[in-house]
Amino acid sequence: MAKTIYVLNGPNLNMLGTREPDTYGSATLADVEKLCADTAAGFGLKADCRQSNREGELVDFIHEAYARKASGIVINAGAYSHTSIALHDALKAVQIPAVEVHISNVYAREEFRHHSFTAKAAFASLCGFGIEGYRLAIKGLAAKIGAAKSSATSPS
Ligand code: CA2
C-alpha cells in the first residue's frame, strides 16, 4: 500500500485564489491540493490534504497522521505558524518528518511573521516560492523518507 503524507493548511488558506493575489497568487486551495496529490503520486506517495481554520483541529490532524502511520507532513499553518506552541508540540510529539511551507516570503513582510514555532519542529522550511513551495516540499520530503520516483507518474 502507498505511503501517505499529510498536507495540512491552516487558517484562511481556504481563501486562496479569491483575494490578495499579489501576495498569495491566483491558485485556489483545490489547485494546491491537486498539485500536492500529483507530486506525491510521482513518488508513489498518497497525499492526504486537510485544511482548518481552527488550531485544535490542526493538532488533531497531526495526531491522526501519527495514528495512521503517515510517513511525512507538509504544513502551512498560516498565522498559527507564528503563534502556536500547541502545533509545535504536536509536531515534536509525533516525530513525523515535517516540512513547513509558506507561500509568501515571510521574511520580506512584517516582523511578526519572521518567527515560526512550526519551523522549529520541522526538518526544513520553505517560503516565497508561491504554491510551487508545496511541490518542492514534497520532493524534499520524498528524498528524506527515501521515496523514489515512481515510473507510473513521474513528478515534474
Ligand atoms: O505565506 C503563507 O503561506 C502564510 O502562511 C499565509 C498566512 C500568513 O498569516 C502567514 O504569515 C504566511 C495567511 C494565509 C491567508 O491566506 C489568504 C489567502 C488568500 C486571501 C486571503 C488570505
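Every number for a ligand or one of its atoms is a count from 1 in the order of the listing.
Residues meeting the salt bridge (charged side-chain N to carboxylate O under 4.0 Å, His left out) test with Lys34, sequence neighbours left out: Asp38.
With hydrogens and angles ignored, the 3.5 Å screen pairs no side-chain donor or acceptor of Asp48 with any backbone N or O of Ile5.
In this structure, NE2 on His63 lies 14.5 Å from CZ on Arg68, to the nearest 0.5 angstrom.
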Scan the side chains in residues 115-129 for donor-acceptor partners under 3.5 Å anywhere in the protein, sequence neighbours excluded, and list what turns up.
{"from": "Ser116", "atom 1": "OG", "to": "Glu100", "atom 2": "OE2", "distance (Å)": "2.4"}
{"from": "Ser116", "atom 1": "OG", "to": "Thr118", "atom 2": "N", "distance (Å)": "3.3"}
{"from": "Ser116", "atom 1": "OG", "to": "Thr118", "atom 2": "OG1", "distance (Å)": "3.1"}
{"from": "Ser116", "atom 1": "OG", "to": "Ala119", "atom 2": "N", "distance (Å)": "2.9"}
{"from": "Thr118", "atom 1": "OG1", "to": "Glu100", "atom 2": "OE2", "distance (Å)": "2.6"}
{"from": "Ser125", "atom 1": "OG", "to": "Glu100", "atom 2": "OE1", "distance (Å)": "2.6"}

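Cluster note: Ile62 groups with Tyr6, Leu8, Leu58, Val59, Phe61, Tyr66, Ile73, Ile75, Tyr80, Leu87, Leu91, Val94, Ile96 through ILVMFWY side-chain heavy atoms spaced under 4.5 Å, whether in direct contact or through intervening members.
Side-chain contact, Ser104 with Arg109: a donor N or O sits under 3.5 Å from an acceptor N or O.
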Ligand 1 N/O to protein N/O, distances under 3.5 Å:
{"from": "ligand 1", "atom 1": "1 (O)", "to": "Ile103", "atom 2": "N", "distance (Å)": "3.2"}
{"from": "ligand 1", "atom 1": "1 (O)", "to": "Ser104", "atom 2": "N", "distance (Å)": "2.8"}
{"from": "ligand 1", "atom 1": "1 (O)", "to": "Ser104", "atom 2": "OG", "distance (Å)": "2.6"}
{"from": "ligand 1", "atom 1": "3 (O)", "to": "Asn76", "atom 2": "ND2", "distance (Å)": "2.8"}
{"from": "ligand 1", "atom 1": "3 (O)", "to": "Ile103", "atom 2": "N", "distance (Å)": "2.7"}
{"from": "ligand 1", "atom 1": "5 (O)", "to": "Asn76", "atom 2": "OD1", "distance (Å)": "2.8"}
{"from": "ligand 1", "atom 1": "5 (O)", "to": "His102", "atom 2": "ND1", "distance (Å)": "2.8"}
{"from": "ligand 1", "atom 1": "9 (O)", "to": "Ala79", "atom 2": "N", "distance (Å)": "3.3"}
{"from": "ligand 1", "atom 1": "9 (O)", "to": "Arg113", "atom 2": "NH1", "distance (Å)": "3.0"}
{"from": "ligand 1", "atom 1": "11 (O)", "to": "His82", "atom 2": "NE2", "distance (Å)": "2.7"}
{"from": "ligand 1", "atom 1": "11 (O)", "to": "Arg113", "atom 2": "NH1", "distance (Å)": "2.8"}
{"from": "ligand 1", "atom 1": "16 (O)", "to": "Asn12", "atom 2": "O", "distance (Å)": "3.4"}

